Amino acid sequence: MEDLTSPLQDVRGAECAADTSDDALLRQFADGDAVAARQLTDRLGPRCFSVAMRMLGNRAEAEDVTQDAMMRLWQMASNWVPGQAKVSTWLYRVTLNLCVDVQRKKKPDRLDDAPEPEDEDLSAAERLQNAARKDALQSALSQLPDRQRQAVILRHIEELPNPEIAGIMGISTEAVESLTARGKRALAAILAGRQDELGYDDG
Amino acid sequence: MNWGMTMAEDDMELDQLFAQARRNRPEMPDDLVVRILTDAEMVRLDRMRPVIPPRSVWARILDGIGGWQSMSGLAAASAAGVWIGFAAPDFLPDPATIIYPQDTSFVVADLGLDATFLEDAE
């Protein structure tokens, strides 16, 4: 009979299995396998890019951060100790640190390049409304303090489990819960002021 | 105002926004993938290049005089020279006697000086 009492454990077990593959691919790359680089790029690049886009709200900067983070992955491949940590955890951490570096160098409130809506079936009005909502989320996220923004993005957009977020951010699971809760409250407060223009009252 | 209801509505709206953000995750542009793979290839090829250790000064001097073979010949010749210098065979004149003659008077006589001069000089 299937054990439904520990879904979290099952999920984490599956993640560990996937991560072993990341380890193996990284080892293969370190041994000179070019195909492994392609597989690692397909697997880890989009996550890196997604987080960078949400953290920075700017496509060009997110692309540079993604390339830089992946470059660090290639460079550390031969020194990687399998099983010591998750490759994705390491990469998320590097990505977030690079984003913080970029934010420190630039002026605040640059929000020029949010991702475009991709659903072809929507009407023009719906698409505009979706774009406004997405921009609203991005705009609200950009107003959060760094650590809250990181925790909220990793938890609610990347859908990572709290223990993994704790590993990425170097804090306790309780601290992650506190950061995400405060981040959500702050987001709700920011968005509440814009509710009318986002069309949530349409039913 | 019912704050509990408002909070729940806020949460629902936020969850909708998060769900939408998850659905519309940005895709990596092709040129970014190319940039990343180019970096990977650069690192990979660099790692596969054979490592040539830097050569020491002594190794370069050795190369200049023809390597270890010539060095061993040079060492043997030097050792033979030193040995001949200290223990010359009987049929060869003793180089030490040639350079520093033992019989001083013979040399002085050869120069046409007498013993009186030598005594003065001393």
Side-chain angles (χ1 to χ4, degrees), chain A residues 29-34 36-38 40-42 44-50 52-54 59 62-64 66-71 73-75 77-78 113-119 130-131 133-134 136-138 140-141 152-153 155-159 184-185 187-189 191-192 195 198 200, chain B residues 1-69 71:
Chain A
F29 172 73
D31 290 341
D33 182 356
R38 174 82 220 195
L40 281 168
T41 302
D42 289 346
L44 302 174
R47 300 198 218 173
C48 211
F49 184 57
S50 167
M53 276 294 287
R54 282 294 164 195
R59 183 172 282 274
E63 287 183 13
D64 288 347
T66 305
Q67 185 183 7
D68 200 354
M70 292 301 286
M71 182 60 162
L73 180 73
W74 309 136
Q75 287 171 330
S78 56
D113 204 0
E116 295 299 320
E118 285 151 17
D119 197 336
N130 271 350
R133 283 177 180 172
K134 195 155 31 178
L137 178 62
Q138 188 61 52
L141 278 170
V152 167
I153 289 170
R155 183 77 193 95
H156 295 290
I157 299 180
E158 294 304 306
E159 293 187 294
K184 273 188 85 171
R185 276 203 302 276
L187 278 179
L191 289 164
Q195 223 162 6
L198 299 179
Y200 285 118
Chain B
M1 192 177 200
N2 186 343
W3 280 104
M5 192 61 173
T6 308
M7 293 268 288
E9 284 171 2
D10 285 348
D11 271 356
M12 208 171 67
E13 287 154 13
L14 255 184
D15 288 341
Q16 279 179 4
L17 282 175
F18 288 140
Q20 192 180 31
R22 288 194 293 270
R23 279 198 303 275
N24 294 320
R25 272 205 190 101
E27 282 185 19
M28 283 204 300
D30 289 343
D31 67 314
L32 176 59
V33 175
V34 171
R35 276 157 65 190
I36 290 170
L37 290 176
T38 305
D39 284 347
E41 193 59 7
M42 205 173 67
V43 172
R44 192 181 71 88
L45 293 177
D46 194 48
R47 197 174 291 136
M48 287 170 70
R49 193 181 304 154
V51 179
I52 303 165
R55 297 186 64 72
S56 69
V57 175
W58 283 115
R60 272 180 277 170
I61 289 172
L62 257 183
D63 285 350
I65 61 171
W68 281 110
Q69 287 96 339
M71 194 65 187

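A quick note: this is a predicted structure, and the numbers were derived from the prediction, not measured. Below, chains carry the letters A, B, ... as their sequence lines are ordered, and counting in each starts from 1.
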Task: Portion of Arg44(B) that has a non-hydrogen atom of chain A nearer than 4.5 angstrom - done: both
Open item on the list: Can a donor-acceptor pair be found, under 3.5 Å and without considering hydrogens, that links the side chain of Arg25(B) to the backbone of Ile157(A)?
Closed with: yes
Open item on the list: Does atom CG (Asp31(B)) have a neighbourhood of more than 12 heavy atoms from anything else shown, all under 6.0 Å?
Closed with: yes
- [ ] Could you look at Asp68(A) and say if it's the side chain, the backbone, both or neither that has a heavy atom under 4.5 Å from chain B?
- [x] neither
- [ ] If a pair satisfies ring pair (Phe, Tyr, Trp, His ring centres under 6.0 Å) and one of its residues is in residues 15-40 of chain B, list it, with sequence neighbours excluded.
- [x] His156(A)-Phe18(B)
Open item on the list: Using side-chain heavy atoms (C-beta onward) and a distance below 4.5 Å, is Met70(A) in contact with Asp39(B)?
Closed with: no
Task: Top contributor to chain A contacts, counting heavy-atom pairs under 4.5 Å, from Ala19(B), Ala40(B), Pro29(B) - done: Ala40(B)
Task: Which atoms of Met28(B) approach chain A - backbone, side chain, both or neither, heavy atom under 4.5 Å - done: both
Open item on the list: Tell me whether Thr38(B) contacts the main-chain N or O of Val34(B) through its side chain, where contact means a donor paired with an acceptor under 3.5 Å.
Closed with: yes
TODO: Examine whether an atom of Leu37(B) lies under 4.5 Å from a heavy atom of chain A, and if so say whether it belongs to the side chain, the backbone or both; otherwise answer neither.
DONE: side chain
Open item on the list: So for Ala62(A), is it side chain, backbone, both, or neither that comes closer than 4.5 Å to the heavy atoms of chain B?
Closed with: neither
